[in-house]
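Note sheet for the following structure.
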Amino acid sequence: MTAAKVYDVIGAGIGPFNLGLAALLDPVADVKSLFFEQRPSFEWHPGMLLEGTVLNSTFLADLVTFADPTSNYTLLHYLHKKNRLYQFYFYEDLHIPRREYNEYAKWVAAQLSSCHFGYRVENVTERDECYAVFIRNIETGEASTYFARHVVVGTGSIPMFPPPIEKKIDENIYHSSSYVMRKGELKDTDNITVVGSGQSAAEIFYDLLQDQKHYKYRLSWLTRSPEFFQSEAAKLGREVFSPDYVSYFRTLDFETRLQALPDLDKSRKGIEQSTLMKIYELLYHRSIERVDPNVILQPMTEVTDIEQSPTGYKLFCRQWQKNEEFMHHSDKVIFATGYKPNVPDWLNAFGDKIEWEDHKRFKVDDAYRLVFKDNRSHHLYMLTNLDHSHGTAATNLALSVMRNQTIINDICGREVYPLAADTIFQRFYRK
């Protein structure tokens, strides 16, 4: 690598979003790009790569297919190269295992000379109508500076806990993001509690439920949701994950966009029907002999605080519909309470130069650029913290490809990857 030249684009972070951008930029000869990631290799939610779990999107939602099905970086090309295409054919399921998606992404990353792991983006500053990007080699500590006309912020998300809990994390209280690495610690525990309402909470509960008969622990699942929500599975309902819906969402004013997000969460953050069915069926089979399953399933319950006790932990809980408080005891607690955007600290230095929709949400335009107060030609593109601006395009794997197409076309000033429109059967308003 050389730091002497000015690159067209530098990406901060290499998750699926920036990795897809790098893959789509690879054949674009006139765009020079670099991508940096502080981890030593690509890893996609390693703490939740449970055997038997699958993507909630089909295999078509890979890194590139929606932009270019002929790309060398499609999942089908990966399967072909790995001699797994016939196995996938007989597998007869459009939803690939999560572990396979992770291996596929590793395979793509290994082929891209623009992607560099083990390097942290420590700062980004403005320099003569471009950006100076300060990099540190994690292993050696060596610092370097690179220059780019544009920077793409793909720093992903970080685990989120209920506010009172965040400062009380220890070896027995942890986030779902580290479940696989720590599940072995749970086996000799008397009481385990899972807190959360989405797919991760359901998968962890089911994983623990399967082992429960061998280890005899009490297993509890507490969720603040009014019920154990199933994600939207109807085909028309899934059309909100389309370019057309994103275009519609962009026409709404800021307050209306915020009001729409809870309804979208029913599609984005619910539990897959198959997971709920497996949980119920296992509980049903265990109920045949009328033996106490030693399981607690309780919705409408929020955990407001937690304290260590001589016999484990006291969880302070509130059943919010009846407004009744109670105490729940547990030895281990797993919080599957989601993630929050990982907005890098260096971005705060641009705070006075950019436009804000409210005191904590920056303004992002149709091309995923931070909106600056000046009329600049060098841009910061955002791949994180986009719920308020782009709705379903914020985290969906398939729509991330459309987002990358948009960014590439904007950087190049021409249509490198044509954008699809009129892609669904319904419409969201009368023109």
Side-chain angles (χ1 to χ4, degrees), residues 1-37 42 60-78 80-81 104-117 119 121 124 129-133 135 146-155 243 246 364-370 376-384 386 390 393 396-421 423:
M1 293 185 296
T2 174
K5 63 191 293 185
V6 177
Y7 289 84
D8 295 295
V9 59
I10 287 179
I14 306 177
F17 298 160
N18 254 344
L19 181 59
L21 182 64
L24 288 173
L25 279 173
D26 190 53
V28 185
D30 58 330
V31 176
K32 305 304 178 185
S33 61
L34 285 177
F35 294 83
F36 295 102
E37 167 59 49
F42 183 92
L60 291 174
D62 63 14
L63 298 169
V64 296
T65 290
F66 276 105
D68 181 10
T70 68
S71 168
N72 288 330
Y73 302 117
T74 66
L75 188 128
L76 283 180
H77 193 222
Y78 160 80
H80 173 68
K81 287 295 186 180
Y104 152 68
K106 284 175 176 285
W107 175 80
V108 172
Q111 297 179 74
L112 295 173
S113 60
S114 61
C115 291
H116 301 276
F117 292 86
Y119 293 85
V121 175
V124 174
E129 296 190 349
C130 69
Y131 297 99
V133 182
I135 307 297
Y146 294 83
F147 299 92
R149 294 182 180 88
H150 310 289
V151 172
V152 183
V153 183
T155 46
V246 177
V364 183
D365 69 12
D366 291 342
Y368 302 91
R369 303 178 298 197
L370 274 185
R376 61 180 56 203
S377 58
H378 55 295
H379 301 295
L380 295 177
Y381 294 90
M382 297 301 301
L383 304 184
T384 188
L386 293 174
H390 287 78
N396 182 262
L397 288 176
L399 288 175
S400 73
V401 181
M402 179 269 293
R403 184 172 62 204
N404 287 337
Q405 291 173 260
T406 304
I407 292 171
I408 291 171
N409 291 348
D410 193 62
I411 289 172
C412 294
R414 67 181 191 278
E415 192 177 68
V416 178
Y417 291 104
L419 289 164
T423 61

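Count residues from 1 along the sequence. Since the structure is predicted, the reported quantities are computational estimates derived from the model, not experimental observations.
Considering Val28, Leu21, Val9 as possible partners of Ile411, the one that fulfils the side-chain contact (heavy atoms from CB on, under 4.5 Å) test is Val9. Looking at Asp68, Thr74, Asn72 one by one, the single match for side-chain hydrogen bond (donor to acceptor under 3.5 Å, both in side chains) with Thr70 turns out to be Asp68.
Classification of Asp8 and Lys32 as a salt-bridged pair fails, no side-chain N sitting under 4.0 Å from a carboxylate O.
At a threshold of 4.5 Å between non-hydrogen side-chain atoms, the residues Arg414 and Asn409 do not count as touching. When side chains are defined from C-beta on, Leu383 counts as touching Asn404, because their heavy atoms get closer than 4.5 Å. For the pair Met402 and Val246, the minimum side-chain heavy-atom distance is below 4.5 Å. Taking 4.5 Å as the limit, some side-chain heavy atom of Val121 sits within range of a side-chain heavy atom of Val133. Between Arg369 and Val364, the closest side-chain pair of non-hydrogen atoms is not below 4.5 Å. With contacts defined as side-chain heavy-atom distances shorter than 4.5 Å, the pair Val401/Val64 does not qualify. No side-chain heavy atom of Tyr119 sits under 4.5 Å from any side-chain heavy atom of Leu34. You'll find the side chain of Gln111 reaches within 4.5 Å of the side chain of Tyr73, heavy atoms only.
Contact detail for Ala105 and Phe42: the closest heavy-atom pair is CB-CE2, 3.2 Å. Of all heavy-atom pairs between Pro16 and Leu397, the closest is CB-CD2, 4.1 Å. Across all their heavy atoms, Val31 and Cys412 have their closest contact at CG2-SG, 3.4 Å. Closest of all the heavy-atom pairs between Val108 and Ala23 is CG1-CB, 4.2 Å. In terms of heavy-atom proximity, Ala22 sits nearest to Ser114 at CB-OG, 3.9 Å. Of all heavy-atom pairs between Cys115 and Leu19, the closest is SG-CD1, 4.1 Å.
How far OG1 of Thr406 is from CG of Asp366: 9.0 Å, rounded to the nearest 0.5 Å. Rounding to the nearest 0.5 Å places CD1 of Ile408 at 4.5 Å from CG of Leu24. The CD1 atom of Ile407 sits 8.0 Å away from the CG atom of Asn18 when rounded to the nearest 0.5 Å. Separation of atoms OG (Ser71) and CG (Leu63) is listed at 9.0 Å; rounding is to 0.5 Å.
Because its NZ or CZ atom is both nearer than 6.0 Å to the ring centre of Phe17 and within 45° of the ring axis, Arg403 counts as a cation-pi partner of that residue.
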Go through the steps for Lys5 and Phe147 under the test side-chain contact (heavy atoms from CB on, under 4.5 Å), then give the verdict.
CA-CA 7 Å; Lys5 63 191 293 185; Phe147 299 92; over 6 Å; no

CA sep, side-chain torsions, deciding dist, call: Phe35, Leu25, side-chain contact (heavy atoms from CB on, under 4.5 Å):
CA-CA 11 Å; Phe35 294 83; Leu25 279 173; 4.0 Å; yes

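For Tyr78, the ring pair (Phe, Tyr, Trp, His ring centres under 6.0 Å) partners two or more places apart in sequence, or in a different chain, are Tyr104, Trp107.
Relative orientation of the His379 and Tyr381 rings is perpendicular, given thresholds of 30° and 60° on the angle between their planes.
Aromatic rings of Tyr131 and His378 (six-membered ring for Trp) have centroids within the 6.0 Å cut-off, being under it.
A donor-acceptor pair under 3.5 Å links the side-chain atoms of Gln405 to the main chain of Pro418, judged by distance alone.
The local environment of CD in Glu415 is crowded, with over 12 non-hydrogen atoms from other residues, nucleotides or ligands closer than 6.0 Å.
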